[in-house]
Amino acid sequence: MKIEQNIARLNYLLDLYKISHKEFLAMISKGLKNSLTENDVFVKNIKVAYLKRIDKIFNKGLHYYLDPKTPEANKEASIFFRKKKFNTELNFGAKKIVNQFEEFKISLSTIAKLAELKIERTVPVYTVQDSSKVVAQAIRAEFYPKKYRKNKDFLKALIGKLAEKNVLVFEFVETWNKKDTANIEGFFLNPNVIVLKRMQDAMSREIFTLAHELGHYLLNIEEIEKIDFNDMTGASLSKVERWCNDFAYYFLVGEYGDVLDNLETASAKNDYHFDLIGKISMETHLSRLALFTRLLFKNQISNTNYNKVKIDLEEQYRARKEKEKKQRELEKEMGKKPGGSSPKPINSPLLISTIQTAFYEGIINEQEVCKRLNIKPEKLTQFIR
């Protein structure tokens, strides 16, 4: 069976993801005895079976390829048309995640306009010539949520603080069996969207990523990236990346920055300041390794001692994960069902309020509310009444 497709829409996707015809044919021919050719795919009337193979790559739904309207490859449509080069060589999974949130951002902006909501920037735009430390201190006074010791509570509170200033933060969650995993940890999309990868086992890293992307928002410079936590201030970094890393550090460390600056050189004689570093880590939501890395770049610990500390911290982490694994196996042998489920993304209060207003104004229905907030219908009354 054949159906009529709009080839321009397929070519738009290939242009968006920067995939050549040759690469694409190889992707959709995977597992087939005879590879598909251009005459099989780039034709007006295409076999439904081939179209289904195409959609396994893009997950757009078959209706997408049948739509007679041709999408425009302009700067408003995607960051991939606004910017050609990124700090990370993006894999296909990363590009799909970015495109997903770009489309969500555009549709949410449309909903907000229909609901007559003005989500405007209320924070100044800074430049890399501005002191990252001074900016961090000023922004910290407005954004930093106090009295949260647990990383998840702090992250949720910080997302809420950003919502108050019209900055939308989204999380994306990747399950262990996902086919195309993204090789990125976060990104910033103009004008006000920050997206983070949920790091369930490393939430201090996710918090730092959020602070780093907040730096991009303050500079109003879009980026998609995997942050190198072992090269926080290295010479290989651009001025923008170094500024965002420094901003994130000063924003999170707060008054403990002076304490760290005044530490004597960490060594075996003072037990590498392990107790103090552990306390500061708890108070600032910066990982112990991030704090030791900062000491390294300030010449407050030697390379040799830093590597010793790093190996020790990594071993502690490995031992903890191994213990957790053995505990799960033991519970399984005892007949206990594994507890918990896949983590759910944190919903920004700004997203919730926008969707609520759109619903009350009659712009979207209950089904759309559930879809936008990623909730089950039985949870609907928690958000709309």
Side-chain angles (χ1 to χ4, degrees), residues 3-6 8-10 12-13 16 48 51-52 54-72 74 76-79 95-122 156 159-175 178 187 189-198 341-385:
I3 53 178
E4 185 177 328
Q5 69 164 328
N6 181 355
R9 294 183 78 80
L10 175 57
Y12 171 85
L13 290 175
L16 178 69
V48 174
L51 202 58
K52 287 181 178 180
I54 291 172
D55 196 49
K56 281 185 178 180
I57 302 294
F58 298 112
N59 305 118
K60 305 292 286 186
L62 295 187
H63 63 278
Y64 174 86
Y65 312 94
L66 311 182
D67 192 331
K69 183 180 178 182
T70 300
E72 294 184 31
N74 56 42
E76 288 71 29
S78 173
I79 188 175
K95 291 177 181 179
K96 286 178 71 173
I97 285 291
V98 173
N99 185 54
Q100 172 190 327
F101 281 99
E102 185 88 71
E103 291 180 349
F104 190 87
K105 179 196 77 170
I106 293 170
S107 64
L108 191 63
S109 176
T110 301
I111 289 173
K113 287 178 181 177
L114 291 173
E116 297 183 350
L117 291 172
K118 292 185 178 180
I119 305 177
E120 298 175 342
R121 185 178 183 119
T122 61
K156 188 174 181 179
I159 289 173
K161 284 282 188 179
L162 290 169
E164 293 174 9
K165 299 294 182 179
N166 291 339
V167 181
L168 269 165
V169 179
F170 299 102
E171 285 186 306
F172 68 92
V173 176
E174 292 194 319
T175 55
K178 186 180 178 183
F187 53 96
L189 299 173
N190 277 329
N192 67 329
V193 171
I194 292 173
V195 181
L196 309 169
K197 180 178 181 177
R198 166 62 75 85
S341 57
S342 298
K344 291 196 68 176
I346 298 171
N347 275 330
S348 166
L350 181 56
L351 170 64
I352 294 172
S353 63
T354 301
I355 295 302
Q356 286 174 329
T357 301
F359 174 77
Y360 295 136
E361 292 291 331
I363 295 165
I364 58 175
N365 58 26
E366 293 182 353
Q367 184 179 2
E368 189 69 12
V369 172
C370 292
K371 178 183 176 183
R372 298 283 177 175
L373 297 182
N374 190 29
I375 58 172
K376 294 180 179 179
E378 54 265 30
K379 300 285 186 180
L380 191 60
T381 55
Q382 295 180 15
F383 297 90
I384 58 175
R385 301 184 187 279

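A 6.0 Å sphere centred on CD of Glu378 holds more than 12 heavy atoms belonging to other residues, nucleotides or ligands. More than 12 heavy-atom neighbours from other residues, nucleotides or ligands sit within 6.0 angstrom of CD on Gln382.
Between Asn6 and Pro68, the closest heavy-atom pair is ND2-O, 3.1 Å. Closest heavy-atom contact between Leu16 and Ser78: CD1-OG, 3.2 Å. Phe383 and Ile375 get closest at one heavy-atom pair: CD1-CD1, 3.5 Å.
Thr357 OG1 to Ile364 CD1: the interatomic distance, rounded to the nearest 0.5 Å, is 9.5 Å. Atom-to-atom distance recorded for Asp55:CG and Leu62:CG is 5.5 Å, nearest 0.5 angstrom. We find the OG1-CZ distance between Thr70 and Arg9 to be 7.5 Å, quoted to the nearest 0.5 Å. To the nearest 0.5 Å, atom CG of residue Asn190 and atom CD of residue Glu76 are 11.0 Å apart. In this structure, CG on Leu13 lies 10.5 Å from NZ on Lys96, to the nearest 0.5 angstrom. Residue Ile97 holds its CD1 atom at 5.0 Å from CZ of Phe172, rounded to the nearest 0.5 Å.
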Test log, rule side chain to side chain contact (heavy atoms under 4.5 Å, CB included), inputs Ile346 and Arg198: CA-CA 9 Å; Ile346 298 171; Arg198 166 62 75 85; 3.7 Å; yes

I'd like to know whether Ile355 forms a side chain to side chain contact (heavy atoms under 4.5 Å, CB included) with Leu108, so could you lay out the CA-CA distance, the side-chain angles of the two residues, the decisive distance to 0.1 Å, and finally the verdict. CA-CA 8 Å; Ile355 295 302; Leu108 191 63; 3.8 Å; yes

Test log, rule side chain to side chain contact (heavy atoms under 4.5 Å, CB included), inputs Asn99 and Phe58: CA-CA 10 Å; Asn99 185 54; Phe58 298 112; over 6 Å; no

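Residue pairs meeting the salt bridge (Lys or Arg N to Asp or Glu O under 4.0 Å) criterion with at least one member in residues 344-371, sequence neighbours excluded: Glu368-Arg372.
Residues satisfying the salt bridge (Lys or Arg N to Asp or Glu O under 4.0 Å) test with Glu102, not counting sequence neighbours, are Arg82, Lys105. Listed by chain and residue number, Lys60 satisfy the salt bridge (Lys or Arg N to Asp or Glu O under 4.0 Å) test with Glu103 (two or more places apart in sequence, or in another chain).
With Lys379 contributing its side chain and Cys370 its backbone, the two residues share no donor-acceptor pair below 3.5 Å. In this structure a side-chain-to-backbone donor-acceptor pair under 3.5 Å is missing from Asn166 to Ile119.
Checked against Ser348 for a side-chain contact (heavy atoms from CB on, under 4.5 Å), the options Val193, Leu162, Thr354, Leu168 give a single hit: Leu168.
By the 4.5 Å heavy-atom criterion applied to side chains, Phe104 and Leu351 are counted as neighbours. By the 4.5 Å heavy-atom criterion applied to side chains, Leu51 and Leu66 are counted as neighbours. In this structure the side chain of Leu380 reaches within 4.5 angstrom of the side chain of Val369, judged on heavy atoms.
Ring geometry for Phe170 against Phe101 counts as tilted: the plane angle lies between 30° and 60°, on a 0 to 90° scale.
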